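Scroll down for the structure; my scribbles are underneath it.
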Protein chains: 2
Amino acid sequence: MSDETLPSDATLCYAGEPLELVDLDAAGIKFDQRGLVPCVVQQHGTGEVLMVAWMNQESLRLTLQTGTTWFWSRSRSELWNKGATSGNVQQLKALLVDCDGDTLLAVVDSPGPACHTGHRSCMFRAIRREG
Amino acid sequence: MSDETLPSDATLCYAGEPLELVDLDAAGIKFDQRGLVPCVVQQHGTGEVLMVAWMNQESLRLTLQTGTTWFWSRSRSELWNKGATSGNVQQLKALLVDCDGDTLLAVVDSPGPACHTGHRSCMFRAIRREG
């Protein structure tokens, strides 16, 4: 996190609670048998969930190093810097990890649509409830 | 969705866009080789991401039928009505599905902590960036 988003004397909060800052090695991230962990991407400020994608160890490292989101494309079997082609690169504000280390949450600033369909969020369909 | 949250003449929106309402059969949900799909749980109104858990076909059906979240516990190998023990049952406001059908987003009203640690959200740790 840059000094701009996290001054050394500030406390970063999420869901109304102060965040615990942990080193990557101490985060205990559990990659699945494919070497992947799901990452929820959320717009800073508005809270919109934009997409869910998968990170491997290398994309996680690149995300932390560059401050932009990198994922592992399961269909193309390659590393993928989100928005590098479309211009809608996601600037990382914070990378959170859940209680048991098997899910990540990237809080980002995403200038444009996150979905390949042109929608702001990949979540543009709701399932109709019966009855 | 109850009439209260979705009057028949209302348009449900997410991320500033109207949602497409789809039937479960038409949603094209892709369960993985274990028969599971990840489900992000988000608090209605505040946008807090509370947790990510896994649904199988049966828990998805129960969620839509009961209007509360049901998951498949990978560690206990059983269906799990979130909050049934703690009392923090999550009331479903909407169940969204992403563009390629391999992720769900449950927008809920969760009265209390969602995390077994007592934290409001399972996302209470941030990974420190190097440099």
Side-chain angles (χ1 to χ4, degrees), chain A residues 1-2 6 12 14-24 26-27 29 38 40 42-43 45-53 60-61 63-65 67 74-75 92 94-105 107 114-117 119-131, chain B residues 1-2 6 12 14-24 26-27 29 38 40 42-43 45-53 60-61 63-65 67 74-75 92 94-105 107 114-117 119-131:
Chain A
M1 215 155 306
S2 74
L6 183 65
L12 202 62
Y14 190 80
E17 297 178 355
L19 285 165
E20 296 173 17
L21 267 178
V22 294
D23 289 325
L24 180 56
I29 295 172
V40 182
Q42 181 173 39
Q43 172 64 43
T46 67
E48 297 156 350
V49 171
L50 301 174
M51 56 185 281
V52 176
L60 175 56
R61 193 188 65 75
T63 297
L64 290 168
Q65 190 179 72
R74 294 168 301 166
S75 55
L92 187 70
L95 188 63
L96 278 55
V97 54
D98 80 344
C99 52
D100 53 5
D102 63 5
T103 306
L104 300 173
L105 174 70
V107 180
C115 187
H116 73 286
T117 60
H119 286 273
R120 169 69 177 152
S121 165
C122 293
M123 310 287 178
F124 57 86
R125 300 184 297 156
I127 301 172
R128 188 178 279 119
R129 285 186 60 192
E130 304 142 51
Chain B
M1 211 154 309
S2 74
L6 182 65
L12 201 63
Y14 192 80
E17 297 177 356
L19 284 166
E20 296 172 18
L21 267 178
V22 293
D23 289 324
L24 180 55
I29 295 173
V40 181
Q42 181 174 39
Q43 171 64 44
T46 66
E48 298 156 349
V49 171
L50 300 175
M51 56 187 281
V52 176
L60 175 56
R61 193 188 64 75
T63 297
L64 291 168
Q65 192 179 71
R74 294 170 300 168
S75 55
L92 187 70
L95 187 63
L96 279 55
V97 54
D98 80 345
C99 52
D100 52 6
D102 63 4
T103 307
L104 300 173
L105 174 70
V107 180
C115 187
H116 72 287
T117 60
H119 286 273
R120 169 69 178 154
S121 166
C122 291
M123 308 289 177
F124 58 85
R125 300 185 296 156
I127 300 172
R128 189 177 278 119
R129 286 188 58 192
E130 304 142 48

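Predicted model only: the values in this text are computed from it and were never measured. Letters A, B, ... mirror the listed sequences (proteins, then strands); counts begin at 1.
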Got B:Met51 and A:Thr103 here, is their nearest side-chain heavy-atom distance under 4.5 Å? no
I'd like to know which of A:Ser121, A:Gly47, A:Pro18, A:Cys99 tops the heavy-atom pair count under 4.5 Å against chain B. A:Cys99
Heavy-atom contact with chain B under 4.5 Å, split by part of [X]:
X        : result
A:His119 : both
A:Tyr14  : side chain
A:Val97  : both

For a quick test of reading the model, state the closest non-hydrogen atom pair linking B:Ala94 to B:Leu96 and the distance between them. CB-CD1, 3.7 Å
About how many Å separate CG of B:Asp98 and CZ of A:Arg125, when rounded to the nearest 0.5 Å? 7.5 Å
Chain A shares the most heavy-atom pairs under 4.5 Å, among B:Asp23, B:Thr117, B:Val52, B:Val49, with B:Val49
When heavy-atom pairs shorter than 4.5 Å are enumerated against chain A, which of B:Pro38, B:Gly67, B:Ala26, B:Gly16 gives the highest number? B:Gly67
The side chain to side chain contact (heavy atoms under 4.5 Å, CB included) partners of A:Arg120 (sequence neighbours excluded) come to A:Gln43, A:Glu48, A:Leu50, A:Ser110, B:Ala15, B:Glu17
In this structure, which one of A:Leu105, A:Leu24, A:Leu64 forms a side-chain contact (heavy atoms from CB on, under 4.5 Å) with A:Leu95? A:Leu64
Among B:Leu104, B:Thr63, B:Leu19, side-chain contact (heavy atoms from CB on, under 4.5 Å) partner for A:Ile127: B:Leu104
Interface moiety of B:Arg74 toward chain A, non-hydrogen atoms closer than 4.5 Å: side chain
